[in-house]
Amino acid sequence: MAEHMDPEEFRRAGHAVVDWIADYWTTLGKRPVTSQDPPGAVAAALPAGPTAQGEPVEAVLADLDRLVAPGLTHWQHPGFFGYFPANTSGPSVLGDLVSAGLGVQGMLWATGPACTELETVMLDWLADLLDLPQRFRSTGPGGGVIQDSASSAALVATLGALHRASRGRWRSVGVDRRYRAYTSTQGHSSIEKAARIAGLGADGVRTVEVDPATQAMRPAALRAAIEADLAAGVVPALVVATIGTTSSTAVDPLPEIGAICAEYGVWLHVDAAYAGAAAVCPELRWSHAGVEHADSYCFDPHKWLLTGFDCDAFWVADRGELIEALTVLPEYLRNAASESGAVIDYRDWQVPLGRRFRALKLWFVLRWYGVEGLRAHVRSGVALADRFAGLVAADDRFELAAPHPFSLVCFRLRAGDEVSAELLRRVNDTGRVLLTHTRIEGRYALRLAVGSPLTTEEHVDGAWELLSTTATDLLDAGAPTPGRPASPPGA
(Lines give C-alpha, C1' and ligand atoms only; values in the text may rest on other atoms or scores of the structure.)
Protein backbone atom coordinates (compact mmCIF):
# COMPACT_ATOMS: atom_id res chain seq x y z
CA MET A 1 0.00 0.00 0.00
CA ALA A 2 1.44 3.36 -1.01
CA GLU A 3 1.93 5.83 1.78
CA HIS A 4 0.97 9.48 1.61
CA MET A 5 3.38 11.58 -0.46
CA ASP A 6 5.61 13.37 2.03
CA PRO A 7 6.90 16.90 1.36
CA GLU A 8 10.26 15.71 0.02
CA GLU A 9 8.64 13.20 -2.34
CA PHE A 10 6.29 15.97 -3.44
CA ARG A 11 9.24 18.28 -4.09
CA ARG A 12 10.90 15.70 -6.35
CA ALA A 13 7.69 14.78 -8.17
CA GLY A 14 6.73 18.44 -8.49
CA HIS A 15 9.97 19.25 -10.26
CA ALA A 16 9.28 16.42 -12.72
CA VAL A 17 5.75 17.70 -13.40
CA VAL A 18 6.92 21.28 -13.95
CA ASP A 19 9.60 19.98 -16.32
CA TRP A 20 6.93 18.03 -18.20
CA ILE A 21 4.76 21.16 -18.61
CA ALA A 22 7.76 23.25 -19.73
CA ASP A 23 8.68 20.59 -22.30
CA TYR A 24 5.06 20.46 -23.48
CA TRP A 25 4.99 24.21 -24.07
CA THR A 26 8.36 24.06 -25.82
CA THR A 27 7.17 21.40 -28.28
CA LEU A 28 3.62 22.69 -28.85
CA GLY A 29 4.34 24.22 -32.25
CA LYS A 30 5.55 20.85 -33.56
CA ARG A 31 2.35 19.02 -32.59
CA PRO A 32 -0.90 18.84 -34.57
CA VAL A 33 -3.36 21.34 -33.10
CA THR A 34 -6.07 18.69 -32.88
CA SER A 35 -6.04 15.00 -32.09
CA GLN A 36 -5.56 12.70 -35.07
CA ASP A 37 -7.23 9.75 -33.29
CA PRO A 38 -10.86 8.62 -33.73
CA PRO A 39 -13.43 8.92 -30.91
CA GLY A 40 -12.88 6.34 -28.17
CA ALA A 41 -9.16 5.89 -28.78
CA VAL A 42 -8.03 7.27 -25.42
CA ALA A 43 -10.69 5.38 -23.46
CA ALA A 44 -9.76 2.12 -25.21
CA ALA A 45 -6.08 2.57 -24.34
CA LEU A 46 -6.72 3.03 -20.62
CA PRO A 47 -6.68 -0.01 -18.30
CA ALA A 48 -9.95 -1.39 -17.02
CA GLY A 49 -9.30 -0.08 -13.50
CA PRO A 50 -6.68 1.31 -11.14
CA THR A 51 -3.67 -0.76 -10.10
CA ALA A 52 -3.77 -2.60 -6.79
CA GLN A 53 -0.48 -1.00 -5.73
CA GLY A 54 0.53 2.62 -6.17
CA GLU A 55 2.66 3.71 -9.12
CA PRO A 56 5.50 6.25 -9.28
CA VAL A 57 4.96 9.68 -10.81
CA GLU A 58 7.29 8.72 -13.67
CA ALA A 59 4.81 6.08 -14.81
CA VAL A 60 1.98 8.61 -14.80
CA LEU A 61 4.05 11.13 -16.78
CA ALA A 62 4.96 8.47 -19.32
CA ASP A 63 1.28 7.81 -19.91
CA LEU A 64 0.64 11.54 -20.16
CA ASP A 65 3.04 11.51 -23.09
CA ARG A 66 1.72 8.28 -24.58
CA LEU A 67 -2.04 8.56 -24.05
CA VAL A 68 -3.22 11.99 -23.00
CA ALA A 69 -1.22 14.62 -24.90
CA PRO A 70 -1.82 13.05 -28.36
CA GLY A 71 -5.56 12.96 -27.63
CA LEU A 72 -5.94 16.67 -26.92
CA THR A 73 -6.98 19.76 -28.76
CA HIS A 74 -4.08 22.03 -27.84
CA TRP A 75 -5.60 25.35 -26.80
CA GLN A 76 -2.21 26.98 -26.16
CA HIS A 77 -0.89 26.01 -29.63
CA PRO A 78 0.35 28.95 -31.78
CA GLY A 79 -1.90 27.66 -34.58
CA PHE A 80 -5.02 27.53 -32.40
CA PHE A 81 -7.35 30.09 -33.96
CA GLY A 82 -10.64 28.38 -33.09
CA TYR A 83 -13.28 29.70 -30.70
CA PHE A 84 -12.02 32.44 -28.40
CA PRO A 85 -8.69 31.76 -26.73
CA ALA A 86 -8.47 30.15 -23.30
CA ASN A 87 -5.09 31.59 -22.43
CA THR A 88 -2.91 30.47 -19.61
CA SER A 89 0.63 31.46 -18.66
CA GLY A 90 3.47 30.43 -16.39
CA PRO A 91 2.45 32.80 -13.58
CA SER A 92 -1.15 31.58 -13.74
CA VAL A 93 -0.11 27.92 -13.53
CA LEU A 94 2.11 28.68 -10.54
CA GLY A 95 -0.69 30.54 -8.81
CA ASP A 96 -3.01 27.58 -9.36
CA LEU A 97 -0.33 25.28 -7.98
CA VAL A 98 -0.13 27.32 -4.79
CA SER A 99 -3.93 27.37 -4.54
CA ALA A 100 -4.07 23.59 -4.90
CA GLY A 101 -1.31 23.16 -2.33
CA LEU A 102 -3.01 25.39 0.23
CA GLY A 103 -6.31 23.56 -0.27
CA VAL A 104 -8.35 26.47 1.10
CA GLN A 105 -12.15 26.35 0.85
CA GLY A 106 -13.10 30.02 0.90
CA MET A 107 -16.88 29.93 1.20
CA LEU A 108 -16.84 32.37 4.12
CA TRP A 109 -14.44 35.08 5.23
CA ALA A 110 -13.99 33.01 8.40
CA THR A 111 -12.91 29.91 6.44
CA GLY A 112 -10.12 31.81 4.65
CA PRO A 113 -9.76 35.51 5.49
CA ALA A 114 -6.85 36.09 3.08
CA CYS A 115 -8.67 34.11 0.38
CA THR A 116 -11.61 36.51 0.57
CA GLU A 117 -9.69 39.74 1.02
CA LEU A 118 -7.19 39.06 -1.77
CA GLU A 119 -10.09 38.36 -4.12
CA THR A 120 -11.83 41.59 -3.18
CA VAL A 121 -8.67 43.61 -3.81
CA MET A 122 -7.90 41.78 -7.08
CA LEU A 123 -11.36 42.64 -8.42
CA ASP A 124 -10.80 46.28 -7.43
CA TRP A 125 -7.44 46.16 -9.24
CA LEU A 126 -9.14 44.78 -12.33
CA ALA A 127 -11.90 47.40 -12.17
CA ASP A 128 -9.20 50.08 -12.13
CA LEU A 129 -7.35 48.35 -14.98
CA LEU A 130 -10.48 48.39 -17.16
CA ASP A 131 -11.57 51.84 -15.90
CA LEU A 132 -14.96 50.47 -14.83
CA PRO A 133 -17.46 52.72 -13.02
CA GLN A 134 -16.63 53.59 -9.41
CA ARG A 135 -19.80 51.94 -8.12
CA PHE A 136 -18.34 48.53 -8.98
CA ARG A 137 -15.56 48.98 -6.40
CA SER A 138 -15.75 47.24 -3.03
CA THR A 139 -15.30 50.65 -1.39
CA GLY A 140 -18.74 51.65 -2.67
CA PRO A 141 -22.13 49.91 -2.79
CA GLY A 142 -21.00 47.26 -5.27
CA GLY A 143 -18.03 44.98 -5.65
CA GLY A 144 -16.54 42.11 -7.58
CA VAL A 145 -16.28 38.35 -7.26
CA ILE A 146 -14.72 35.54 -9.28
CA GLN A 147 -17.23 33.19 -10.90
CA ASP A 148 -16.18 30.07 -12.77
CA SER A 149 -17.44 31.36 -16.11
CA ALA A 150 -19.54 34.03 -17.82
CA SER A 151 -22.32 31.43 -17.92
CA SER A 152 -22.47 31.44 -14.12
CA ALA A 153 -22.32 35.23 -14.16
CA ALA A 154 -25.35 35.28 -16.48
CA LEU A 155 -27.23 32.96 -14.12
CA VAL A 156 -26.40 35.01 -11.02
CA ALA A 157 -27.43 38.20 -12.85
CA THR A 158 -30.70 36.53 -13.86
CA LEU A 159 -31.44 35.60 -10.26
CA GLY A 160 -30.66 39.12 -9.06
CA ALA A 161 -32.89 40.55 -11.79
CA LEU A 162 -35.77 38.25 -10.83
CA HIS A 163 -35.40 39.26 -7.20
CA ARG A 164 -35.62 42.94 -8.17
CA ALA A 165 -38.46 42.52 -10.67
CA SER A 166 -40.57 40.56 -8.16
CA ARG A 167 -39.79 43.04 -5.37
CA GLY A 168 -38.35 40.21 -3.33
CA ARG A 169 -41.19 37.72 -3.80
CA TRP A 170 -39.02 35.48 -6.01
CA ARG A 171 -36.92 34.50 -3.01
CA SER A 172 -39.86 32.97 -1.14
CA VAL A 173 -42.45 31.97 -3.74
CA GLY A 174 -40.33 31.48 -6.85
CA VAL A 175 -41.38 32.42 -10.36
CA ASP A 176 -45.03 33.34 -9.78
CA ARG A 177 -45.51 35.49 -12.89
CA ARG A 178 -44.25 35.62 -16.46
CA TYR A 179 -40.90 37.36 -16.51
CA ARG A 180 -38.80 38.13 -19.56
CA ALA A 181 -35.10 38.42 -20.33
CA TYR A 182 -33.91 40.14 -23.50
CA THR A 183 -30.75 39.78 -25.53
CA SER A 184 -29.83 40.21 -29.16
CA THR A 185 -30.01 37.39 -31.67
CA GLN A 186 -26.22 37.28 -31.23
CA GLY A 187 -26.34 36.88 -27.43
CA HIS A 188 -24.57 33.90 -25.88
CA SER A 189 -26.32 30.55 -25.43
CA SER A 190 -25.71 30.79 -21.66
CA ILE A 191 -28.47 33.42 -21.45
CA GLU A 192 -31.10 30.90 -22.54
CA LYS A 193 -29.60 28.27 -20.24
CA ALA A 194 -29.72 30.70 -17.31
CA ALA A 195 -33.39 31.41 -18.04
CA ARG A 196 -34.17 27.69 -18.12
CA ILE A 197 -32.32 27.00 -14.86
CA ALA A 198 -34.05 29.98 -13.21
CA GLY A 199 -37.47 28.59 -14.16
CA LEU A 200 -38.34 31.03 -16.94
CA GLY A 201 -38.02 28.45 -19.71
CA ALA A 202 -36.53 29.10 -23.12
CA ASP A 203 -39.61 31.19 -23.92
CA GLY A 204 -38.56 33.50 -21.12
CA VAL A 205 -35.87 34.92 -23.40
CA ARG A 206 -36.89 37.26 -26.19
CA THR A 207 -34.23 37.76 -28.85
CA VAL A 208 -33.94 41.26 -30.28
CA GLU A 209 -32.99 41.89 -33.89
CA VAL A 210 -29.64 43.38 -34.80
CA ASP A 211 -28.37 45.90 -37.31
CA PRO A 212 -27.32 43.84 -40.38
CA ALA A 213 -24.16 45.91 -40.91
CA THR A 214 -22.84 45.81 -37.34
CA GLN A 215 -24.62 42.76 -35.85
CA ALA A 216 -25.32 44.93 -32.77
CA MET A 217 -28.65 45.08 -30.97
CA ARG A 218 -31.14 47.64 -32.29
CA PRO A 219 -32.35 49.80 -29.36
CA ALA A 220 -35.64 50.58 -31.08
CA ALA A 221 -36.35 46.87 -31.39
CA LEU A 222 -35.55 46.37 -27.69
CA ARG A 223 -37.98 49.12 -26.71
CA ALA A 224 -40.69 47.64 -28.91
CA ALA A 225 -40.18 44.18 -27.35
CA ILE A 226 -40.40 45.56 -23.80
CA GLU A 227 -43.53 47.56 -24.57
CA ALA A 228 -45.19 44.56 -26.22
CA ASP A 229 -44.49 42.43 -23.16
CA LEU A 230 -45.80 45.08 -20.76
CA ALA A 231 -49.00 45.29 -22.80
CA ALA A 232 -49.34 41.49 -22.53
CA GLY A 233 -48.84 41.48 -18.75
CA VAL A 234 -45.28 40.11 -18.90
CA VAL A 235 -42.74 41.65 -16.51
CA PRO A 236 -39.45 42.76 -18.17
CA ALA A 237 -36.73 41.65 -15.75
CA LEU A 238 -33.34 41.52 -17.47
CA VAL A 239 -31.53 42.83 -20.53
CA VAL A 240 -28.20 41.23 -21.44
CA ALA A 241 -26.08 43.44 -23.69
CA THR A 242 -22.87 42.10 -25.19
CA ILE A 243 -19.48 43.69 -25.72
CA GLY A 244 -17.89 41.38 -28.29
CA THR A 245 -20.41 38.75 -29.36
CA THR A 246 -19.18 35.20 -29.84
CA SER A 247 -20.12 35.03 -33.50
CA SER A 248 -18.47 38.24 -34.75
CA THR A 249 -17.40 40.42 -31.74
CA ALA A 250 -20.22 42.91 -32.31
CA VAL A 251 -20.62 45.60 -29.64
CA ASP A 252 -24.15 46.43 -28.51
CA PRO A 253 -24.90 50.19 -28.09
CA LEU A 254 -24.85 50.41 -24.28
CA PRO A 255 -25.71 54.14 -23.95
CA GLU A 256 -29.04 53.68 -25.71
CA ILE A 257 -29.75 50.27 -24.16
CA GLY A 258 -28.87 51.57 -20.70
CA ALA A 259 -31.26 54.49 -21.04
CA ILE A 260 -34.10 52.12 -21.97
CA CYS A 261 -33.33 49.84 -19.01
CA ALA A 262 -33.33 52.83 -16.64
CA GLU A 263 -36.65 54.03 -18.04
CA TYR A 264 -38.37 50.69 -17.42
CA GLY A 265 -36.49 49.68 -14.27
CA VAL A 266 -34.94 46.61 -15.92
CA TRP A 267 -31.68 45.04 -14.69
CA LEU A 268 -28.89 45.51 -17.26
CA HIS A 269 -26.20 42.84 -17.35
CA VAL A 270 -23.23 43.40 -19.66
CA ASP A 271 -21.53 40.28 -20.99
CA ALA A 272 -18.00 41.20 -22.06
CA ALA A 273 -16.64 37.68 -21.59
CA TYR A 274 -14.09 37.90 -24.39
CA ALA A 275 -13.71 41.57 -25.27
CA GLY A 276 -13.70 42.98 -21.75
CA ALA A 277 -9.96 42.38 -21.64
CA ALA A 278 -9.58 44.92 -24.47
CA ALA A 279 -10.42 47.71 -22.03
CA VAL A 280 -7.01 47.35 -20.38
CA CYS A 281 -5.88 49.40 -23.42
CA PRO A 282 -7.13 53.01 -23.32
CA GLU A 283 -7.47 53.12 -27.12
CA LEU A 284 -9.98 50.22 -26.99
CA ARG A 285 -12.20 51.58 -24.21
CA TRP A 286 -14.60 53.03 -26.78
CA SER A 287 -16.12 49.55 -26.68
CA HIS A 288 -17.21 50.15 -23.06
CA ALA A 289 -19.04 53.43 -23.62
CA GLY A 290 -22.23 53.33 -21.55
CA VAL A 291 -21.09 50.62 -19.12
CA GLU A 292 -21.96 53.01 -16.28
CA HIS A 293 -25.60 52.01 -16.86
CA ALA A 294 -24.92 48.35 -15.99
CA ASP A 295 -26.26 46.69 -12.85
CA SER A 296 -23.76 43.88 -13.41
CA TYR A 297 -20.83 43.29 -15.72
CA CYS A 298 -18.48 40.38 -16.39
CA PHE A 299 -15.44 39.43 -18.42
CA ASP A 300 -13.16 36.38 -18.52
CA PRO A 301 -9.50 36.86 -17.65
CA HIS A 302 -9.29 33.19 -18.68
CA LYS A 303 -9.95 34.12 -22.30
CA TRP A 304 -7.62 36.94 -23.31
CA LEU A 305 -5.79 37.96 -20.13
CA LEU A 306 -3.33 35.11 -19.60
CA THR A 307 -5.14 33.65 -16.58
CA GLY A 308 -5.98 29.95 -16.79
CA PHE A 309 -9.53 28.65 -16.84
CA ASP A 310 -11.62 29.06 -14.73
CA CYS A 311 -11.71 32.75 -13.85
CA ASP A 312 -14.64 35.05 -14.67
CA ALA A 313 -14.60 38.51 -13.09
CA PHE A 314 -18.15 39.59 -12.17
CA TRP A 315 -19.18 42.91 -10.66
CA VAL A 316 -22.46 44.25 -9.30
CA ALA A 317 -23.41 47.84 -8.68
CA ASP A 318 -25.40 46.93 -5.55
CA ARG A 319 -24.02 43.95 -3.66
CA GLY A 320 -26.79 44.20 -1.05
CA GLU A 321 -29.40 43.38 -3.67
CA LEU A 322 -27.48 40.31 -4.85
CA ILE A 323 -26.77 39.03 -1.33
CA GLU A 324 -30.42 39.41 -0.38
CA ALA A 325 -31.39 37.31 -3.38
CA LEU A 326 -28.90 34.49 -2.82
CA THR A 327 -28.10 34.20 0.90
CA VAL A 328 -29.11 31.09 2.81
CA LEU A 329 -27.68 30.79 6.33
CA PRO A 330 -27.92 27.46 8.15
CA GLU A 331 -26.92 27.39 11.80
CA TYR A 332 -23.65 25.54 11.18
CA LEU A 333 -22.31 28.41 9.05
CA ARG A 334 -23.04 31.13 11.60
CA ASN A 335 -19.93 32.84 12.96
CA ALA A 336 -18.96 36.04 14.71
CA ALA A 337 -17.26 37.65 11.68
CA SER A 338 -20.33 37.17 9.47
CA GLU A 339 -22.67 38.36 12.21
CA SER A 340 -20.62 41.55 12.58
CA GLY A 341 -21.45 42.63 9.02
CA ALA A 342 -17.85 43.77 8.57
CA VAL A 343 -16.78 41.03 6.14
CA ILE A 344 -17.70 39.65 2.72
CA ASP A 345 -18.91 36.06 2.51
CA TYR A 346 -18.62 35.21 -1.17
CA ARG A 347 -20.88 32.17 -0.81
CA ASP A 348 -23.71 34.73 -1.06
CA TRP A 349 -22.51 35.97 -4.45
CA GLN A 350 -22.65 32.68 -6.37
CA VAL A 351 -24.63 29.46 -6.88
CA PRO A 352 -22.39 26.91 -5.10
CA LEU A 353 -21.42 27.15 -1.44
CA GLY A 354 -17.75 26.19 -1.79
CA ARG A 355 -15.10 28.09 -3.66
CA ARG A 356 -11.44 27.69 -4.59
CA PHE A 357 -8.70 30.26 -4.02
CA ARG A 358 -8.83 31.47 -7.65
CA ALA A 359 -7.63 34.98 -6.79
CA LEU A 360 -4.10 33.63 -6.37
CA LYS A 361 -3.54 32.99 -10.07
CA LEU A 362 -4.96 36.42 -10.87
CA TRP A 363 -2.58 37.97 -8.33
CA PHE A 364 0.40 36.11 -9.83
CA VAL A 365 -0.56 37.20 -13.37
CA LEU A 366 -1.16 40.86 -12.50
CA ARG A 367 2.10 41.11 -10.60
CA TRP A 368 4.21 39.22 -13.16
CA TYR A 369 3.01 41.06 -16.27
CA GLY A 370 2.04 44.43 -14.81
CA VAL A 371 -0.29 46.82 -16.57
CA GLU A 372 2.02 47.35 -19.55
CA GLY A 373 2.66 43.64 -20.04
CA LEU A 374 -1.06 42.91 -20.21
CA ARG A 375 -1.62 45.79 -22.61
CA ALA A 376 1.18 44.51 -24.82
CA HIS A 377 -0.47 41.08 -24.98
CA VAL A 378 -3.86 42.49 -26.01
CA ARG A 379 -2.31 44.87 -28.53
CA SER A 380 -0.36 42.02 -30.06
CA GLY A 381 -3.57 40.07 -30.67
CA VAL A 382 -5.27 43.08 -32.25
CA ALA A 383 -2.26 43.77 -34.47
CA LEU A 384 -2.03 40.16 -35.65
CA ALA A 385 -5.75 40.13 -36.46
CA ASP A 386 -5.34 43.38 -38.40
CA ARG A 387 -2.45 41.82 -40.30
CA PHE A 388 -4.55 38.79 -41.22
CA ALA A 389 -7.55 40.92 -42.20
CA GLY A 390 -5.27 42.90 -44.53
CA LEU A 391 -4.19 39.70 -46.26
CA VAL A 392 -7.84 38.66 -46.71
CA ALA A 393 -8.86 42.07 -48.07
CA ALA A 394 -6.00 42.07 -50.60
CA ASP A 395 -7.19 38.78 -52.21
CA ASP A 396 -10.24 39.32 -54.39
CA ARG A 397 -11.27 35.66 -54.01
CA PHE A 398 -12.05 36.40 -50.34
CA GLU A 399 -14.08 38.97 -48.44
CA LEU A 400 -14.32 40.10 -44.83
CA ALA A 401 -17.69 39.10 -43.37
CA ALA A 402 -17.88 41.53 -40.43
CA PRO A 403 -15.95 44.32 -38.71
CA HIS A 404 -12.96 43.12 -36.67
CA PRO A 405 -12.44 45.53 -33.75
CA PHE A 406 -10.53 43.07 -31.55
CA SER A 407 -8.58 39.90 -32.42
CA LEU A 408 -11.24 37.91 -34.29
CA VAL A 409 -11.52 38.03 -38.08
CA CYS A 410 -14.61 36.65 -39.87
CA PHE A 411 -14.14 36.03 -43.59
CA ARG A 412 -15.31 33.84 -46.43
CA LEU A 413 -14.63 32.83 -50.00
CA ARG A 414 -16.80 34.75 -52.45
CA ALA A 415 -17.47 31.41 -54.20
CA GLY A 416 -20.23 30.54 -51.72
CA ASP A 417 -21.08 28.72 -48.52
CA GLU A 418 -20.27 25.18 -49.64
CA VAL A 419 -16.83 26.12 -50.88
CA SER A 420 -16.06 28.09 -47.71
CA ALA A 421 -17.14 25.11 -45.59
CA GLU A 422 -14.92 22.78 -47.61
CA LEU A 423 -12.03 25.20 -47.23
CA LEU A 424 -12.44 25.10 -43.44
CA ARG A 425 -12.57 21.30 -43.42
CA ARG A 426 -9.42 20.95 -45.50
CA VAL A 427 -7.26 23.43 -43.57
CA ASN A 428 -8.32 21.96 -40.21
CA ASP A 429 -7.61 18.43 -41.44
CA THR A 430 -3.95 19.36 -41.91
CA GLY A 431 -3.51 19.65 -38.13
CA ARG A 432 -1.49 22.83 -38.65
CA VAL A 433 -4.26 25.21 -37.57
CA LEU A 434 -7.73 25.15 -36.07
CA LEU A 435 -10.38 27.63 -37.22
CA THR A 436 -14.14 27.57 -36.60
CA HIS A 437 -17.15 28.96 -38.44
CA THR A 438 -20.31 30.95 -37.89
CA ARG A 439 -23.19 32.36 -39.92
CA ILE A 440 -23.58 36.10 -40.37
CA GLU A 441 -26.88 37.24 -41.88
CA GLY A 442 -27.43 33.62 -42.90
CA ARG A 443 -24.15 33.29 -44.80
CA TYR A 444 -21.30 30.95 -43.86
CA ALA A 445 -18.13 32.59 -42.53
CA LEU A 446 -14.83 31.31 -41.18
CA ARG A 447 -13.54 32.61 -37.83
CA LEU A 448 -9.86 33.14 -37.08
CA ALA A 449 -9.35 34.17 -33.44
CA VAL A 450 -5.86 35.20 -32.31
CA GLY A 451 -5.00 34.78 -28.65
CA SER A 452 -2.23 32.33 -27.79
CA PRO A 453 0.81 34.11 -26.33
CA LEU A 454 2.89 31.80 -28.57
CA THR A 455 1.29 33.09 -31.79
CA THR A 456 3.49 35.39 -33.90
CA GLU A 457 3.35 37.03 -37.32
CA GLU A 458 4.95 33.88 -38.71
CA HIS A 459 2.00 31.76 -37.53
CA VAL A 460 -0.61 34.19 -38.86
CA ASP A 461 1.17 34.40 -42.21
CA GLY A 462 1.42 30.60 -42.27
CA ALA A 463 -2.31 30.27 -41.63
CA TRP A 464 -3.02 32.65 -44.51
CA GLU A 465 -0.67 30.81 -46.84
CA LEU A 466 -2.41 27.53 -46.00
CA LEU A 467 -5.85 29.07 -46.58
CA SER A 468 -4.75 30.70 -49.83
CA THR A 469 -3.11 27.64 -51.38
CA THR A 470 -5.99 25.41 -50.29
CA ALA A 471 -8.44 27.86 -51.85
CA THR A 472 -6.44 27.73 -55.07
CA ASP A 473 -6.67 23.94 -55.11
CA LEU A 474 -10.41 24.08 -54.45
CA LEU A 475 -11.20 26.68 -57.08
CA ASP A 476 -8.92 25.13 -59.71
CA ALA A 477 -10.67 21.81 -59.16
CA GLY A 478 -13.92 23.33 -60.31
CA ALA A 479 -15.57 24.73 -57.22
CA PRO A 480 -18.24 27.23 -58.25
CA THR A 481 -17.19 30.86 -58.41
CA PRO A 482 -19.35 33.91 -59.07
CA GLY A 483 -20.47 33.74 -62.69
CA ARG A 484 -18.94 30.29 -63.26
CA PRO A 485 -20.81 26.99 -62.75
CA ALA A 486 -19.18 24.05 -61.05
CA SER A 487 -17.46 21.53 -63.28
CA PRO A 488 -19.57 18.43 -63.89
CA PRO A 489 -18.51 15.16 -62.24
CA GLY A 490 -15.63 13.57 -64.13
CA ALA A 491 -14.85 16.72 -66.11
Side-chain angles (χ1 to χ4, degrees), residues 1-105 148-149 302-303 306-311 354 356-358 360-361 364-365 368 427-436 451-455 459:
M1 175 180 173
E3 298 178 352
H4 292 299
M5 183 181 283
D6 66 35
E8 286 308 312
E9 288 174 313
F10 173 76
R11 190 188 312 277
R12 181 184 61 80
H15 287 159
V17 170
V18 169
D19 283 344
W20 188 92
I21 295 171
D23 289 343
Y24 169 74
W25 286 344
T26 301
T27 60
L28 258 180
K30 301 173 185 175
R31 299 171 184 260
V33 184
T34 49
S35 172
Q36 307 300 294
D37 294 326
V42 175
L46 292 169
T51 57
Q53 305 299 323
E55 297 180 84
V57 167
E58 289 74 15
V60 180
L61 293 179
D63 281 349
L64 264 180
D65 279 324
R66 184 175 65 89
L67 299 177
V68 177
L72 292 174
T73 295
H74 300 286
W75 283 69
Q76 309 309 313
H77 195 289
F80 182 96
F81 300 112
Y83 310 103
F84 286 136
N87 289 160
T88 192
S89 63
S92 176
V93 171
L94 295 174
D96 251 343
L97 177 62
V98 175
S99 175
L102 292 174
V104 169
Q105 209 280 49
D148 56 10
S149 65
H302 68 232
K303 281 193 168 70
L306 299 165
T307 306
F309 188 87
D310 55 349
C311 185
R356 297 186 295 111
F357 200 168
R358 283 179 292 224
L360 272 174
K361 60 186 170 188
F364 273 53
V365 167
W368 174 270
V427 297
N428 283 349
D429 281 353
T430 67
R432 291 168 53 191
V433 297
L434 176 66
L435 280 67
T436 53
S452 169
L454 299 176
T455 302
H459 299 108

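Checking side-chain atoms of S99 against main-chain N and O of G95 turns up no donor-acceptor pair under 3.5 Å. Of the possible donor and acceptor atoms, none in the side chain of Q76 sits under 3.5 Å from a partner among the backbone N and O of W25.
Here the straight-line distance linking atom CG of D65 with atom CG of D63 works out to 9.0 Å at 0.5 Å rounding. With rounding to the nearest 0.5 angstrom, the NZ atom of K361 is 8.5 Å from the CZ atom of F309. Here the CG atom belonging to D429 is positioned 11.0 Å from the CG atom belonging to L434, to the nearest 0.5 angstrom. Expressed to the nearest 0.5 Å, how far CZ of R356 lies from SG of C311 amounts to 9.0 Å. Note that OG1 of T27 and NE2 of H77 are 9.0 Å apart. Values are rounded to the nearest 0.5 Å. Between the CZ atom of F364 and the CG atom of D96 there is a distance of 10.0 Å, given to the nearest 0.5 Å.
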Between T455 and F81, is a side-chain contact (heavy atoms from CB on, under 4.5 Å) present by the stated rule, with each step listed?
-> CA-CA 9 Å; T455 302; F81 300 112; 3.8 Å; yes
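Counting all heavy atoms, side chain and backbone alike, S35 lies closest to P70 at OG-O, 3.3 Å. In plain terms, the two heavy atoms of H302 and D148 that are nearest each other are CE1-O, 3.6 Å. The minimum heavy-atom distance linking V365 with L306 is given by the pair CG2-O, 3.5 Å. Contact detail for P78 and L454: the closest heavy-atom pair is CB-O, 3.7 Å. The shortest heavy-atom contact between N87 and G451 is ND2-O, 3.0 Å.
Proximity of T34 to N428: side-chain heavy atoms (C-beta onward) are nowhere separated by under 4.5 Å. Between L72 and R31 the shortest side-chain heavy-atom distance does not fall below 4.5 Å. Between L61 and V17 there is a side-chain heavy-atom pair separated by less than 4.5 Å. Taking the side chain as every heavy atom from C-beta outward, L102 and L360 approach each other to under 4.5 Å. Looking at V60 and E58, their side chains never come closer than 4.5 Å, going by heavy atoms from C-beta outward.
With respect to R12 and E9, no salt bridge is recorded, no charged nitrogen being found less than 4.0 Å from a carboxylate O.
The aromatic rings of Y24 and W20 lie parallel to each other, their planes meeting at an angle below 30°, with 60° marking the opposite boundary. The aromatic rings of Y83 and W75 sit parallel, their planes meeting at an angle under 30°, below the 60° perpendicular limit.
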